[in-house]
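Report on the following structure.
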Amino acid sequence: MSFPLLASSGTPPAPPPPTAAIPRPPPSLAQRVHIPPHIYKHPTAILLELCNSMKELHQILPQIIKNGLYNEHLFETKLVSLFTKYGSLNDATKVFDFAKLKNEPMYHTMLKGHTHYSSLDCSLGFYARLRYDNVTPVIYNFNYLLKACADNFDVLKGKQVHAQLILHGFSDSLFAMTSVVNLYAKCGMVGDAYKMFDRMPERDLVCWNTVISGYAQNGMPKRALELVVRMQEEEGGNRPDSVTVVSILPACAAIGSLRVGKSIHGYVFRNGFESLVNVLTALVDMYAKCGSVDIARLVFDRMDSKTVVSLNAMIDGYARNGYYDEALILFRRMLDEGYKPTNVTIMSTLHACGESKNIELGQYVHELVNQLGLGSNVAVVNSLISMYCKCQRVDIAAELFENLKERTLVSWNAMILGYAQNGCVMDALTHFCEMHLQNIKPDSFTMVSVSTALAELSVLRQAKWIHGFSVRTCLDRNVFVATALVDMYAKCGAVHTARKLFDMMDDRHVTTWNAMIDGYGTHGFGKEAVELFEEMRKGHVKPNDITFLCVISACSHSGFVEKGRNYFALMQEEYSLEPSMDHYGAMVDLIGRAGRLSEAWNFIDNMPISPGLNVYGAMLGACKIHKNVDLGEKAADKLFDLDPDDGGYHVLLANMYATASMWKKVAKVRTMMERKGIQKTPGCSLVDLRNEVHTFYSGSTSHPQSEKIYAYLEKLFDRIKAAGYIPDTDSIHDVEDNVQEQLLKSHSEKLAIAFGLLNTSAGTTIHIRKNLRVCGDCHTATKYISLVMKREIIVRDMHRFHHFKDGACSCGDYW
DNA sequence: ATAGGGTTAG
């Protein structure tokens, strides 16, 4: 079934849009005031009629004065009209004040000028003056005033004007009622607008369009589309014109229905609206928002004339569909062709810069913002903040934020998320508290940002608090918030709580499923991850590339090599998803981690694309676990050909050599790091105690309980050694034996565990968050600690979770 | 006719 707009397909092309669609101009001056012909036909009067700009007007002015026409009513009215038209309300006011005869048309022109160039109060003040001068108002005066109220979203003043209008006997006027419908619609009161509309004895096209666009602009796109159907069905029905089309295209974009959109396009085509820029621009926008960037571009390319708005719609269309390069190319072309970018252009472009991490262009746009005088536009600055955060320059973003005079909720949200995504968790949380102190109410966006920060921090107590906060503010029902909460619980070690929340949700996005599947995977619950994925396949939410990344890595963490291979095939065969470099990396990890090193190498050799850093990194990691120096060196050679600046890979290689006691090679890696200026990320562990998060760096003695902790570790080491623990001193070289053990003892993770044991009562589970991967000695030591101390210890490292209990770890010793 | 901030993986 096709959309009813198509109902007219058999009939010949309709005539051009009815004139009712064009805003009705007031009657001409000659109609409303009697003007004697010698004045009306005066050459200067004709010149004034032809006048097209302020510059020309100033050229004509001396003639008017020279010919003594200044005090002629016609000239006064015309001057007031022209001055207001070209934006000089001051000059218009001078002429008006000087005029002897101030009649209604004269007042009307001034009123019109006020509605355009000054505040609503000035316009209303001017109406009061008109009344004071005993001029009888006409319907046009009210239409302008109502429009001014609507544009200022001021219902209260609008209602006062409405009362005046009734007082002067215009309540039955179709025009007046339409203006009132428009007032309510623009002020977000579509319900009231509709009531008024429903009471009208007769309705013209303009009136229908007003109420339709009211619904479209107030988040009720379906109602808007229904009304378009009704307007045609009604007796003596109205045919949608270009204005109707332009108001329902955004509605169509909002419901994302390409089918309805295409039928509207057909209607546009059959009715000859294809020559109208605004219609075509709305079509471009609709196609882009429905995900069809290619069709959007076709329509865009076929436009005879374009405006900035058309370009903005296309740039934004590219950016929102992930075609960042195309967005930036079009933006460059736009500048080359001499268009002046608007705030909308800037915002879409900054979005594209941020997502594609193009900070050079981002900074160029920043300069442009200042040149264009948009530096104090909050929305633009918010976009700048986001762009800098996405490009990992939180410092610049923070500076912009601090200097922002009128921060909005969006500014706070952008900043908090920026901190959260750049590892500045504490800054994110303090800003959240700060906005709380300033009495700014958080919304769902805020909750997502804070949950993201807490997920990173991995602290269950605060996680529960923010969950409670979301419930109390009813924000937990939002899919985005709920998904962020599921992810947060999983990342805080509470997978079962995460699953409970997941089961309670009635609307789930792909990301929700992905977060849960990955949660299971990182905890080593491969079986649960696979089961949930199978459940997902039965439902209506389609798995995406990230889903497969999560499933494959879940298989990898649990040693399900064949299952993982099957899923890798499935994603291509059944879901037509092209594996990315990350997928290949995950596959190498899957095969290699299970010890099938030559098979993993074989897999790399058969890759259809040139293997990236992560692929060789996974291979090297597997070789380190399984102590295969030969293959590890082979992987490292390839890896370092790609010149990584990531310290992690270097450390991995050095550790592999150290495990094999190849000290010269270890030293070589160290030299390479020094030469490249790469520093080893210091190991850092976090532990939460009541309301405080305690941070420990390797070897640090800065914690107030430091002495106690080291003393306790001495005793602890003796106990676990008695239980069978042997310190892994093999991987430490060029220091004496007793120093080796001291070095091992001062690993951040052991400090954090000791602190946790010292400060919690027997039986309490200890949660640790570590920034790097758990080292081999810490892993063994923690297993023994869990045994002798009878404690459950949960350690989250950069990749996954380790649940230590009764001397064993959930990861089965491969990590 | 276009409009700023959002969840997953690495």
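Here the structure is a predicted model, which is why all the values come from computation and not from measurement. Residue numbers start from 1 in every chain, and the chains themselves are labelled A, B, ... in the order their sequence lines are given, proteins ahead of strands.
- Below 30°, between 30° and 60°, or above 60°: for A:His431 and A:Tyr419 the angle between ring planes is between 30° and 60°, a tilted geometry.
- One can find a donor-acceptor pair under 3.5 Å joining the base of B:dT7 and the side-chain atoms of A:Thr483.
- Atom OH in A:Tyr339 sits roughly 14 Å away from atom C1' in B:dT2 (whole-Å rounding).
- If you check every strand for non-hydrogen atoms under 4.0 Å, A:Thr408 touches a base.
- Taking atom CE of residue A:Met415 and atom C1' of nucleotide B:dG6, one finds them 16 Å apart after rounding to whole Å.
- The side chain to side chain donor-acceptor pair (under 3.5 Å) contacts involving residues 541-554 of chain A comprise A:Asn514-A:Asn544, A:Asn514-A:Thr547, A:Asn544-A:Thr547, where partners must be two or more places apart or lie in separate chains.
- No more than 12 heavy-atom neighbours from other residues, nucleotides or ligands sit within 6.0 angstrom of CD on A:Glu399.
- B:dA9 atom C1' lies 12 Å from atom CD1 of A:Ile552, rounded to whole Å.
- For the pair A:Lys306 and B:dT2, the criterion of a side-chain N or O lying under 4.0 Å from OP1 or OP2 is not met.
- Heavy atoms of A:Val246 sit under 4.0 angstrom from primed sugar atoms or phosphate atoms, though from no base atom.
- Test A:Arg769, A:Lys491, A:Arg796 against A:Glu456 for salt bridge (Lys or Arg N to Asp or Glu O under 4.0 Å) and you get one pass: A:Arg769.
- Here A:Lys491 does not reach the OP1 or OP2 of B:dT7: none of its side-chain N or O atoms lies under 4.0 Å away.
- Applying a 4.0 Å cut-off to non-hydrogen atoms, the residues of residues 343-352 of chain A that approach DNA chain B are A:Asn343, A:Val344, A:Met347, A:His351, listed by residue number.
- Between the side chain of A:Ser444 and the base of B:dG6, at least one donor-acceptor pair of N or O atoms lies under 3.5 Å.
- Residue A:Val284 is classed as having no contact, given no heavy-atom separation below 4.0 Å to the nucleic acid.
- In this model, a side-chain donor or acceptor of A:Thr307 finds a partner on the base of B:dA1 within 3.5 Å.
- Nearest heavy atoms, A:Phe548 versus A:Pro543: CE1-CB, 4.0 Å.
- When distances run from any side-chain atom of A:Ala313 to the nucleotides B:dT2, B:dG4, B:dT7, the shortest one goes to B:dT2.
- Listed by chain and number, the residues in a side chain to side chain contact (heavy atoms under 4.5 Å, CB included) with A:Leu642 are A:Leu613, A:Tyr616 (sequence neighbours excluded).
- Just one residue in the list A:Asn370, A:Val369, A:Leu368 forms a side-chain contact (heavy atoms from CB on, under 4.5 Å) with A:Leu372, and that residue is A:Leu368.
- A donor-acceptor pair under 3.5 Å is absent between the side-chain atoms of A:Asn771 and the main chain of A:Met798, judged by distance alone.
- Taking only side-chain atoms of A:Ala379, from C-beta outward, the nucleotide of B:dA9, B:dG4, B:dT7 with the closest atom is B:dG4.
- The separation between A:Asn514 atom CG and B:dG10 atom P is 11 Å, rounded to whole Å.
- Taking only side-chain atoms of A:Gln217, from C-beta outward, the nucleotide of B:dA9, B:dG6, B:dA1 with the closest atom is B:dA1.
- Applying the 4.0 Å criterion to OP1 and OP2 of B:dT7, one finds that A:Arg508 has every side-chain N and O outside that range.
- For the OP1/OP2 pair of B:dG6 and a distance below 4.0 Å, the side-chain nitrogens and oxygens of A:Gln421 include no atom meeting the criterion.
- Between the side chain of A:Asn478 and the base of B:dG6, at least one donor-acceptor pair of N or O atoms lies under 3.5 Å.
- Summarising the geometry, the separation between CG on A:Leu417 and C1' on B:dG4 is reported as 13 Å, rounded to the nearest angstrom.
- Between A:Trp412 atom CH2 and B:dG4 atom P there is a gap of 22 Å when expressed in whole angstrom units.
- Look at CD1 on A:Ile546: it is 11 Å from C1' on B:dT7, rounded to the nearest Å.
- As rounded to whole Å, 18 Å separates atom P of B:dG10 from atom OH of A:Tyr584.
- Taking only side-chain nitrogens and oxygens, A:Lys289 never comes nearer than 4.0 Å to OP1 or OP2 of B:dA1.
- Here A:Asp443 lies in heavy-atom contact (under 4.0 Å) with a base.
- Residue A:Asn312 places its side chain closer to B:dT2 than to any other of B:dT2, B:dT7, B:dA1.
- Open room surrounds OH on A:Tyr323; 12 or fewer heavy atoms of other groups in view lie less than 6.0 Å from it.
- Base engagement by A:Val481 is indicated by at least one non-hydrogen atom pair under 4.0 Å involving a base atom.
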